[in-house]
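Structure first, then comments.
Values in this document were obtained by computation on a predicted structure and should not be read as measured data.
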Amino acid sequence: EVIGWMLFFILLGPVGLICIVLLLFIRDPRPGESDLLEASSTDLEQQQQTLLSAVPKDSPRVISRAGLKRYLSDMRSIIFNANFLAASAGYTMTFFATGAFTDWLPTFFARYYDLGTGDAGLLNGSIGVVSCLSGTIVGSYVADKVAALPIRWRGHPFFFVSGIAMTINAICAVIALFGPWKSVWPLAVLLFCAVFAGSMPIGPINAIILNSVPGDLRSRTNGISVLLVHLLGDAISPTIVGSISDRTSGDLQGALMVVPASIALAAFTWFLSWVFIPFKDGKQQSVVKISSSPSTFLESQSVSQSPSSLPN
């Protein structure tokens, strides 16, 4: 309200440029390097040379067909991966709730608590930044500690931690939205707790998604997951909440009930995943091994590694 909203976009530009420059100094590991505990760099180079020499240079059709076959096989291994599907499904529901809440919360503050647009936006932004950052850090720490407990888990313990966090998130959201608050501050405290709990699964769920596939498929798996959670989550939820509010004579409070409902559904999905889906670490599924036959490109080789460790 004082300096205008456009100035913040101008100030963010130099910050982005600084981050880009810093990225130039980060070493990018070679594909699969983090998974190869027994193979040296010399072994990798020899395997790559063996692969290249095994393919005839004058047969591009063979390469094309082999590449397409490998691509379709990789996509099947991602799409039909139960841990990936369960993690992404719950993650999409959390993004659905986050998108609706973030977009409509300033309006909710202004309509029900008579806050000005500037104060409502400042309160919403402060709650989001502080609680999300701290919740992500604490959630990752707690998930690693739970996974290290001497308990024989059937499903991934990260699903259990995430389900607990989202249950707390849903409860706090319901109390915040429908509690008899005459002041905005009890509401703000409850919303802080809700967003804090809702941010705790960010690290664990991303770890499940990336660790459920071999190292050479992580970038593609992450891209598919990001596309799904945004396309079916926060990209459509603000419009849905607004439409519900319009059809109920401006009852934004009732329309926002889809937020805790979506959160509760995410918690339910992750609890079911923890109980019924056994976790298979993608790091154990494939390490590059070149066959002596030109028609065989990749075979799997078992490598044991903790499923709770975050991928590089």
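- More than 12 heavy atoms of other residues, nucleotides or ligands shown are found within 6.0 angstrom of OH on Tyr112.
- At a threshold of 4.5 Å between side-chain heavy atoms, the hydrophobic network of Ile, Leu, Val, Met, Phe, Trp and Tyr places Ile79 and Leu217 in one connected group.
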Show me the donor-acceptor pairs within less than 3.5 Å that the side chains of residues 267-279 make with the rest of the protein, sequence neighbours left out.
| from | atom 1 | to | atom 2 | distance (Å) |
| --- | --- | --- | --- | --- |
| Thr269 | OG1 | Leu265 | O | 2.9 |
| Trp270 | NE1 | Ala86 | O | 3.3 |
| Ser273 | OG | Thr269 | O | 2.7 |

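- With hydrogens and angles disregarded, no donor-acceptor distance shorter than 3.5 Å links the side chain of Thr221 to the backbone of Leu210.
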Side chain to side chain contact (heavy atoms under 4.5 Å, CB included) between Leu123 and Trp185, worked out: CA-CA 10 Å; Leu123 182 59; Trp185 296 112; 4.0 Å; yes

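- Nearest heavy-atom pair, Ser183 versus Pro186, reported as atom, atom and distance to 0.1 Å: O-CD, 3.4 Å.
- The CE atom of Met166 sits 10.0 Å away from atom CE of Met93, with the distance rounded to the nearest 0.5 Å.
- Scanning both residues, Thr136 and Cys132, for their nearest heavy atoms gives OG1-O, 2.7 Å.
- Ser199 has its side chain within reach of Val195: a pair of non-hydrogen atoms, C-beta onward, lies under 4.5 Å apart.
- Val226 and Phe95 are not part of a single hydrophobic cluster, where members link through side-chain heavy atoms under 4.5 Å apart.
- Going from atom CD1 of Ile208 over to atom OG of Ser225 covers 11.5 Å, rounded to the nearest 0.5 Å.
- Here OG of Ser134 is found 10.0 Å from CE of Met200. Values are rounded to the nearest 0.5 Å.
- Between Ala194 and Ala173, the closest heavy-atom pair is CB-N, 4.1 Å.
- Put simply, the side chain of Thr167 gets close to the backbone of Gly163: a donor and an acceptor are under 3.5 Å apart.
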Derivation and outcome, side chain to side chain contact (heavy atoms under 4.5 Å, CB included), residues Phe108 and Phe101: CA-CA 9 Å; Phe108 179 81; Phe101 222 37; over 6 Å; no

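- Atom CD1 in Ile263 sits 3.5 Å away from atom CG in Asn169 (nearest 0.5 Å).
- Pairs passing the side-chain hydrogen bond (donor to acceptor under 3.5 Å, both in side chains) check and including a residue from residues 231-245, sequence neighbours excluded, read His230-Asp234.
- Applying the salt bridge (Lys or Arg N to Asp or Glu O under 4.0 Å) rule to Arg111 yields no partners; only residues at least two apart in sequence or on another chain are considered.
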Verdict with supporting geometry, Phe96 and Leu232, side chain to side chain contact (heavy atoms under 4.5 Å, CB included): CA-CA 7 Å; Phe96 184 94; Leu232 303 178; over 6 Å; no

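- Under the 4.5 Å side-chain contact rule for hydrophobic residues, Trp104 and Phe178 share a cluster.
- Considering only heavy atoms from C-beta on, Val146 stays 4.5 Å or farther from Ile151 through its side chain.
- Linking Ile, Leu, Val, Met, Phe, Trp and Tyr whenever their side-chain heavy atoms come within less than 4.5 Å puts Val142 and Leu149 in one cluster.
- Ile240 and Val259 fall within a single hydrophobic cluster, where Ile, Leu, Val, Met, Phe, Trp and Tyr are joined by side-chain heavy atoms under 4.5 Å apart, directly or via other members.
- Residues Pro238 and Gly99 approach most closely at CG-O, 3.6 Å, considering heavy atoms.
- Considering CD1 of Ile137 and CD1 of Ile202, their distance stands at 11.0 Å, rounded to 0.5 Å.
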Side chain to side chain contact (heavy atoms under 4.5 Å, CB included) between Phe80 and Met75, worked out: CA-CA 8 Å; Phe80 295 103; Met75 291 301 295; over 6 Å; no

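- Once rounded to the nearest 0.5 Å, the distance linking CG of Leu187 with CZ of Phe109 reads 5.0 Å.
- Sorted by first and then second residue, the pairs that involve residues 88-98 and meet side-chain hydrogen bond (donor to acceptor under 3.5 Å, both in side chains), not counting sequence neighbours, are Tyr91-Asn206.
- The closest donor-acceptor contact from the side chain of Ser77 to the backbone of Asp74 lies under 3.5 Å.
- Between Phe84 and Ile224, some side-chain heavy-atom pair lies under the 4.5 Å cut-off.
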Sequence neighbours excluded and cut-off under 3.5 Å, please list the side-chain donor-acceptor pairs for residues 250-258, or say none.
| from | atom 1 | to | atom 2 | distance (Å) |
| --- | --- | --- | --- | --- |
| Asp251 | OD1 | Gly254 | N | 3.1 |
| Gln253 | NE2 | Leu177 | O | 2.5 |

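- Residue pairs satisfying the ring-ring contact (aromatic ring centres under 6.0 Å, His included) criterion with at least one member in residues 190-212, sequence neighbours excluded, are absent.
- For the pair Ile205/Phe158, no side-chain contact is recorded, criterion being any heavy-atom separation below 4.5 Å from C-beta on.
- Looking at Asn81 and Leu85, their side chains never come closer than 4.5 Å, going by heavy atoms from C-beta outward.
- With hydrogens and angles ignored, the 3.5 Å screen pairs a side-chain donor or acceptor of Ser212 with a backbone N or O of Ile209.
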